[in-house]
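One structure is given below, encoded as structure tokens.
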Amino acid sequence: MSRTKKILLVILILFIGIQLIHPVRNISGQVSLNDISKTISIPENVRPLLRTACYDCHSDNTDYPWYATIQPVGWFLASHIKDGKKELNFSEFGSYSTRRQKSKLKSIASQINDGEMPLSSYTFIHRNAKLSKEQKAAIMDWAVKAEEGLE
Amino acid sequence: MKILFMAAIAVIGLSACNTNGNQSKENTAEAGDTALTQSGNSAIKSESSISEVVTAYLQLKNALVNDNSKEAATAGGDLQQAIEKTDTTSFSAEQQKVFSEVREDAKEHAEHIASNGSNIVHQREHFETLSQDLYDLVKVFPSSQTLYQTHCPMYNNNKGANWLSETKEIKNPYLGTKMLTCGEVKEEI
């Protein structure tokens, strides 16, 4: 066997090997008692936007793409989701203090306004998560009003 | 494989640098008040105030005044540490209540400011909410230094924002050197 072939073989074995290591999936399959919808009213036009553009990384229920079963893509997604949920988890929103809820709503509006969220690396793959100007305005409007409504 | 390996080394190297950076920062900070350190930590702790938190906040504020996002990031890290370190045992019940209410939120804002050393716009967004946290906090610590609650009507598309300052003289942390003197003192605390 030539040197190149050996190297390729090693890579192949490694690739197959890592397929066995699956990160835990972020699918609770139920609506948490602390879900944001239980504390804050979300208008009909905003709810589906949050679901398609935010919930994959900011809730307990990720809608996984098929390639998430391939490693190391799955690992990469898992770490992304972990980071996302640490910052903001819509499924646990009700457990935050009012102060933090207000903070989070404010950040939702500013992150969307600044074009930071949804991440461009995410919308690049999830084309339907790309928000139009009007959709962004709807989310920001909701977040700002909801923030003001909290006391 | 080689690339992966090198990436791994790079990551380890980076995190090592980080720790070193933090350590040297702490060292210099400690060197600054050697006398205090030598007199024993318990002595400072027993004073148990939010002065370190306020000091770090003001450093952050002044960095933003100077449009210096790097310094703001450093001050954000200091603030995060100061909040974590604060000993609340001798606080009154009211003070403890407010502090525990503010703690998580303020720490999170400080953390974000620390990790966004190249994005001053984002730092200022967090600074705005952080300023509200700090305001609520200093209100229940009347013995701490005199501060001025100052208002800038122009920030965030004329929605306006507040900040705490140690001087009456206006130096705007939201608009920085562009509009340095925009704002007015609302309250002396």
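Please read all numbers here as calculations on a predicted model, not as lab measurements. A, B, ... follow the sequence lines: proteins, then strands. Residue 1 opens every chain.
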- Starting from the C-alpha separation in whole Å, work towards a yes-or-no answer on side chain to side chain contact (heavy atoms under 4.5 Å, CB included) for B:D136 and A:R99. CA-CA 11 Å; B:D136 294 343; A:R99 184 180 291 269; 2.7 Å; yes
- Item | Within 6.0 Å of CG in A:L33, more than 12 heavy atoms from elsewhere | no
- Other residues, nucleotides, ligands: >12 heavy atoms within 6.0 Å of A:K145 NZ: no
- For A:F124, does the CZ atom sit with more than 12 other heavy atoms under 6.0 Å from it, leaving out its own atoms? no
- If one checks every heavy atom of B:E125 against chain A at 4.5 Å, the contacting part turns out to be side chain
- Working to the nearest 0.5 Å, report the span between OG of A:S110 and CD of B:E128. 9.0 Å
- Report, as yes or no, whether the 6.0 Å neighbourhood of atom NZ on A:K106 holds more than 12 heavy atoms from other residues, nucleotides or ligands. yes
- Item | Single hit among B:H109, B:E104, B:Q132 for side chain to side chain donor-acceptor pair (under 3.5 Å) with A:S103 | B:H109
- Task: Inspect the contact between A:K104 and B:E108 and indicate whether a charged nitrogen and a carboxylate oxygen are less than 4.0 angstrom apart.
- Result: yes
- Query: Given that the side chain runs from C-beta out, which part of A:S107 has a heavy atom under 4.5 Å from chain B: side chain, backbone, both or neither?
  - Reply: side chain
- Task: Give the cluster check for B:L180 versus B:M154: same hydrophobic cluster or not, with ILVMFWY residues linked at side-chain heavy-atom distances below 4.5 Å.
- Result: no
- Below 4.5 Å from any heavy atom of chain B, which atoms of A:K102 appear? Answer side chain, backbone, both or neither. neither
- Can you check side chain to side chain contact (heavy atoms under 4.5 Å, CB included) on A:Q101 and B:D105, steps first, answer last? CA-CA 9 Å; A:Q101 292 186 0; B:D105 196 64; over 6 Å; no
- Task: May I ask whether B:V185 and B:V54 are part of the same hydrophobic cluster, defined by side-chain heavy atoms of I, L, V, M, F, W, Y residues being less than 4.5 angstrom apart, directly or through others?
- Result: yes
- What about A:I42 and A:Y96, same hydrophobic cluster or not, with Ile/Leu/Val/Met/Phe/Trp/Tyr joined at side-chain heavy-atom distances under 4.5 Å? yes
- Query: Where does A:E116 contact chain B at under 4.5 Å (heavy atoms): side chain, backbone, both or neither?
  - Reply: side chain
